[in-house]
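Have a look at the structure below, then the notes.
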Amino acid sequence: MALKKITVKASRGYDILIGGGLLDNAAEHMKRAVKAKNFAVITDDHVAPLYGDKLADSLKSAGFSVCQKVFPHGEASKSSYTLNAIYDFLSENSVTRSDCVLALGGGVVGDIAGFAAATYQRGIDYIQIPTSLLAQVDSSVGGKTAIDLPSGKNLVGAFWQPRLVLIDTNTLDTLPEEFFIDGLGEVIKYGMIKSKSLFELLERHDSLGIRGVLEDVIYECVSIKAAVVEADEFDSGERMLLNFGHTLGHAIEKMTNYTGISHGRAISVGMRMITKAAENSALTAKGLTNRLTACLERYGLNAEVAFTPYELAKAALNDKKRMGEMIHIIVCKDAGKSEVIKMSTNEFILLLS
Ligand code: GLY
C-alpha cells in the first residue's frame with residue numbers, strides 16, 4: 001500500500017509517515033528529517049532482536065554510524081535508573097547535539113528515549129519509530145516524553161517534539177495479540193472522542209477483521225491526534241479530550257499496582273464507566289453506553305474490575321490530592337462528539353455514585 005504522510009504543525013513541525021515496510025528504507029526518510037550523521041538507537045530486549053539489525057543495516061549502508069542501547073522491556077524500565085543508563089550510554093558514545101536519538105519500540109521506549117533526548121545536552125533531535133499499536137496511534141505523536149517515579153506514572157517529563165515519526169505497520173505482525181488488543185482500546189477512544197465514522201467502522205469489525213483496514217485506521221487515529229496536538233500542544237484544553245476514560249483507567253492501573261490490568265483494558269473500563277455515569281445524568285445520548293460496551297466486547301476489551309465507579313473516583317481524586325478542587329472530565333455526548341467538562345470534585349463523586 002502507498003505511503004501515507006501527515007504533517008504536524010506544532011512548535012517544531014514534523015512529518016508522520018505510515019506504511020508497511022518503511023523500516024527497510026529508514027535511512028532515506030531520516031536523511032530528509034535530520035542532518036545527523038550519527039544515530040543512537042534506544043530500544044528494549046523484545047524489539048532489538050526483531051528490528052534492531054534491520055534499522056542499523058539501513059543506516060550503515062547509507063553511510064551513517066549507529067550505536068544501540070538495549071534495556072529490559074516493560075514499564076519497570078521507565079525509571080530514573082534506566083534514564084541514567086541511557087545518559088551514560090549517550091555520553092560514552094560521544095553523542096552530541098548534532099546527532100540523533102532513535103526511539104525504536106513501544107510506549108515505554110518512546111517515552112524514555114524521548115525524555116533522554118529532551119534533556120541530554122539540553123535537548124537533541126529524536127525520531128520515533130513505534131512498533132506497538134498503542135505507540136503508533138498515540139504515544140509516539142505529540143511530543144509527550146516522561147519517566148515514572150515510584151509514586152506514579154509519567155511524573156517527570158517534558159514536551160519535546162520528535163523530528164519524524166516513522167510508523168512501519170509491518171511491525172504489528174510480530175506484536176503479540178494481547179498487545180494488539182490493548183492498542184485497540186486507544187483506537188476505540190479516538191472513534192468515541194472525534195470520529196463517528198471510525199467508531200462505526202469499529203462497530204462493523206472485530207480484532208481479526210480490523211487488520212484488513214489497519215493502515216486506514218492508524219491514519220485516522222494519527223490524523224486526529226495531530227490535529228488535537230496542533231490545537232493544544234501543551235495540554236491545557238482540547239488535548240485533554242485524549243484523556244477520555246483515563247481518569248478512572250489510571251485509578252484502576254494504580255490500584256492494581258500496574259500489574260493487574262493493561263493500559264488499554266483499564267481505559268476501556270474507564271470509558272465504559274464514565275459514559276454510563278454521563279448517560280445516567282443525561283450528559284450523553286441515550287444508548288451510547290450499550291453501543292460502546294458492545295464495541296469493546298467485539299475486541300475482547302470487556303474486562304471487569306473489582307472496584308465500583310465510586311471507589312475509582314475516590315481513588316483518582318486521592319491520588320491527585322485534589323479534593324475540594326475543580327477537575328476536568330471528558331464526556332462523549334455521542335459517538336465522535338466529546339467535550340471537556342469542568343466540575344468540582346464533589347460533583348465528580350456524585351456523578352460516579
Ligand atoms: N496520550 C495523551 C496525549 O498525548 O496527550
Side-chain angles (χ1 to χ4, degrees), residues 6 8-14 16 18 75 78 103 105-115 117-118 126-148 152-162 164-165 167 179 182-195 198 217-254 258 262-271 274 316 320 327-332 338-340:
I6 295 165
V8 185
K9 296 180 208 77
S11 52
R12 301 191 329 168
Y14 54 98
I16 302 164
I18 304 168
E75 189 73 28
K78 219 173 105 178
V108 168
V109 169
D111 282 9
I112 194 168
F115 187 58
Y126 77 114
I127 290 174
Q128 289 277 15
I129 310 173
T131 57
S132 71
L133 182 59
L134 194 144
Q136 292 187 353
V137 297
D138 192 37
S139 58
S140 67
V141 177
K144 277 191 181 173
T145 70
I147 59 165
D148 302 334
K153 276 175 81 166
N154 297 329
L155 290 182
V156 178
F159 289 97
W160 188 242
Q161 300 296 337
L164 172 72
V165 181
I167 300 178
F179 294 106
D182 202 49
L184 287 169
E186 294 282 359
V187 172
I188 293 171
K189 176 196 81 178
Y190 282 108
M192 283 290 285
I193 62 168
K194 281 283 182 184
S195 174
L198 173 61
V217 167
I218 293 171
Y219 180 83
E220 176 71 6
C221 294
V222 173
S223 302
I224 294 170
K225 176 106 192 218
V228 168
V229 168
E230 282 176 5
D232 177 27
E233 182 176 347
F234 299 106
D235 207 9
S236 58
E238 169 104 355
R239 191 164 180 168
M240 291 183 207
L241 296 177
L242 299 172
N243 286 338
F244 175 53
H246 282 58
T247 301
L248 299 178
H250 282 157
I252 297 169
E253 286 182 274
K254 175 120 194 196
Y258 301 101
S262 63
H263 178 72
R265 287 170 176 82
I267 64 147
S268 296
V269 177
M271 290 192 286
I274 194 72
K320 295 181 191 322
I327 56 164
H328 296 98
I329 299 301
I330 316 309
V331 165
C332 290
S338 54
E339 62 179 345
V340 181

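Predicted model only: the values in this text are computed from it and were never measured. Counting starts at 1 for both ligands and their atoms, following the listed order.
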Going through the distances and angles, do His263 and Glu186 end up as a side-chain hydrogen bond (donor to acceptor under 3.5 Å, both in side chains)?
-> CA-CA 9 Å; His263 178 72; Glu186 294 282 359; 2.9 Å; yes
Side chains of Ser11 and Gln161, donor plus acceptor under 3.5 Å = no
Sequence neighbours excluded, the answer for side-chain hydrogen bond (donor to acceptor under 3.5 Å, both in side chains) partners of Asp138 is Tyr190, Lys225
Can you name the residues that form a side-chain hydrogen bond (donor to acceptor under 3.5 Å, both in side chains) with Tyr219, not counting sequence neighbours?
-> none
Name the residues in contact with ligand 1, where contact means a heavy atom under 4.0 Å away: which are they?
-> Asp138, Lys144, Lys225, Arg239, Leu242
Can you tell me if Asp232 uses its side chain to pair, donor with acceptor, with the backbone of Asp235 under 3.5 Å?
-> yes
Tell me, please, which residues at least two apart from Lys78 pass side-chain hydrogen bond (donor to acceptor under 3.5 Å, both in side chains).
-> Asp111, Asn154
